[in-house]
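Down below is the structure, laid out as structure tokens.
We're numbering straight along the sequence, starting at 1.
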Amino acid sequence: NVRYRMLIEPINWVGKTVLNIGSHNGLWPAAQLHAGAKKVTGIECREELINLSIQKVSNNNFTVIHDDMFSALTELKGQRFDIIFSSGTLCHTLYHLDWIRDISNLDFDLCVLDCPFWPSEEPMVYILAEGSTWSGNALTNIKQQISYTNPQQIQNRFYDTLAGIPSLKYIDIILEGFGLTYTQINYSLIESSLTNDEKARTIDYLIKQTRTLHIKKSQNFNNILTPVGEQLTKTDKEFGWDLDRIRTIITNELNNNYEY
């Protein structure tokens, strides 16, 4: 799995305590425990996903906090986690500054932030409406879980929440304001070893729409990266998407040539 190579393999999980924000169905907590994490604490607002994650992980070293992530992070303020992990959650809220503030109030060595970014070199947020019917989106109210047997309830929730996709420049400014630094996983170093099918399935990373950031609070990382991770991280800041790559892909597809 390409995303496993970008999100799990670069990090030394052995013996680490992990906070997984938006633990969903337990896929990433299971991978982190398999890689040697000592304890994984998840935050998840959807009851059905918590039940799935408990079944999937089936490990006494995995626990889930059933709460809104902002409420949970407020309660966890000041606590210590070696690694904080968040994949695909930041683009499902409008409160990016609050999220980074709450992260900065925790004691950690590394925060892995994996999410889409809007393709602008300006500090901005693209706002959109999304529905809480899809399990990957936010809920309007944690106490109002959706009944999947009630068609009308589902129909009423197609576009019932607002979300915001931030530009990387916007996140960069907020991180700097809270004294946090970051590097990025260099996808191009992985790309050379991928099949064409694998490139097609991770095209969002290919064009730099989705990125994996390693956010750090101090210079003491406690050997948090593996040798692979040291090779794959880069410090340069490229805020926009790879427009030349996008043009090439579109041209190829128009010519029925699906080379990425």
Side-chain angles (χ1 to χ4, degrees), residues 1-11 13 18 20-35 40 42 44 46 49 52-53 55-57 83 85-92 111-120 126 128 130-131 133-138 163-168 171 182-215 225-226 228-229 231-234 238-260:
N1 185 292
V2 182
R3 294 189 70 211
Y4 184 94
R5 292 175 60 185
M6 289 189 291
L7 298 178
I8 300 298
E9 286 187 357
I11 297 167
W13 300 90
V18 182
N20 199 305
I21 303 173
S23 51
H24 205 253
N25 64 3
L27 175 68
W28 292 118
Q32 291 151 6
L33 287 166
H34 180 74
V40 178
E44 178 55 54
R46 293 179 182 267
L49 291 179
L52 281 174
S53 67
Q55 294 173 21
K56 182 187 292 288
V57 179
I83 301 171
F85 183 90
S86 175
S87 178
T89 56
L90 197 60
C91 57
H92 295 294
C111 174
V112 181
L113 173 60
D114 181 71
C115 74
F117 292 95
W118 193 250
S120 173
Y126 178 78
L128 68 159
E130 61 181 23
T133 52
W134 184 58
S135 63
N137 290 349
I165 303 175
S167 68
L168 182 56
I171 296 301
Y182 69 94
T183 56
Q184 299 184 52
I185 288 291
N186 190 348
Y187 177 90
S188 62
L189 296 180
I190 298 174
E191 179 191 344
S192 60
S193 65
L194 301 182
T195 65
N196 206 46
D197 181 60
E198 287 173 326
K199 291 178 185 178
R201 287 187 282 112
T202 53
I203 196 168
D204 52 331
Y205 293 93
L206 195 69
I207 64 175
K208 300 177 183 176
Q209 172 192 8
T210 301
R211 301 168 186 245
T212 305
L213 307 187
H214 284 175
I215 301 170
L225 296 182
T226 63
V228 170
Q231 293 175 1
L232 291 178
T233 54
K234 59 179 182 177
E238 303 167 288
F239 295 118
W241 290 6
D242 190 338
L243 297 181
D244 290 336
R245 193 64 178 271
I246 294 172
R247 292 187 188 100
T248 300
I249 290 170
I250 292 173
T251 301
N252 285 344
E253 292 192 349
L254 288 174
N255 294 324
N256 295 318
N257 174 16
Y258 297 97
E259 289 291 328
Y260 295 94

Listed partners of [X] passing side chain to side chain contact (heavy atoms under 4.5 Å, CB included), at least two apart:
{"X": "Glu198", "answer": "Val2, Leu194, Thr195, Arg201"}
{"X": "Ala163", "answer": "Leu128, Glu130"}
{"X": "Thr226", "answer": "Asn12, Val228"}
{"X": "Pro119", "answer": "Trp241"}

Working to the nearest 0.5 Å, report the span between [atom1] of [X] and [atom2] of [Y].
{"X": "His24", "Y": "Leu52", "atom1": "NE2", "atom2": "CG", "value": "9.0 Å"}
{"X": "Ile215", "Y": "Tyr182", "atom1": "CD1", "atom2": "OH", "value": "9.0 Å"}
{"X": "Leu213", "Y": "Ile185", "atom1": "CG", "atom2": "CD1", "value": "9.5 Å"}
{"X": "Asp197", "Y": "Lys199", "atom1": "CG", "atom2": "NZ", "value": "11.5 Å"}
{"X": "Glu9", "Y": "Ile190", "atom1": "CD", "atom2": "CD1", "value": "8.0 Å"}

Write down the atom of [X], the atom of [Y], and the distance for their closest heavy-atom approach.
{"X": "Val57", "Y": "Gly26", "answer": "CG2-O, 3.6 Å"}
{"X": "Cys115", "Y": "Leu90", "answer": "SG-CB, 4.1 Å"}
{"X": "Leu49", "Y": "Glu44", "answer": "CD1-OE2, 3.7 Å"}
{"X": "Arg211", "Y": "Gln184", "answer": "NH1-OE1, 3.0 Å"}
{"X": "Pro10", "Y": "Leu232", "answer": "CG-CD1, 4.2 Å"}
{"X": "Asn25", "Y": "Leu27", "answer": "OD1-N, 3.2 Å"}

Output all residues satisfying ring pair (Phe, Tyr, Trp, His ring centres under 6.0 Å) with [X], sequence neighbours left out; order by chain, then residue number.
{"X": "Phe117", "result": "none"}
{"X": "Tyr126", "result": "Trp118"}
{"X": "Trp13", "result": "none"}

Under the side chain to side chain donor-acceptor pair (under 3.5 Å) test, residues paired with [X] that sit two or more places apart:
{"X": "Asn186", "answer": "Ser188"}
{"X": "Thr89", "answer": "Ser86"}
{"X": "Ser193", "answer": "Arg5"}
{"X": "Ser87", "answer": "Arg3, Asp114"}

So Leu7 and Trp28, side-chain contact (heavy atoms from CB on, under 4.5 Å) or not? Walk me through it.
CA-CA 9 Å; Leu7 298 178; Trp28 292 118; 3.5 Å; yes
Kindly indicate, with the supporting measurements, whether the criterion side-chain contact (heavy atoms from CB on, under 4.5 Å) is fulfilled by Thr212 and Tyr187.
CA-CA 9 Å; Thr212 305; Tyr187 177 90; over 6 Å; no
Report the C-alpha separation of Gln32 and Ile11 in whole Å, then their side-chain angles, then the decisive distance to 0.1 Å, and conclude whether the side-chain contact (heavy atoms from CB on, under 4.5 Å) test is met.
CA-CA 10 Å; Gln32 291 151 6; Ile11 297 167; over 6 Å; no
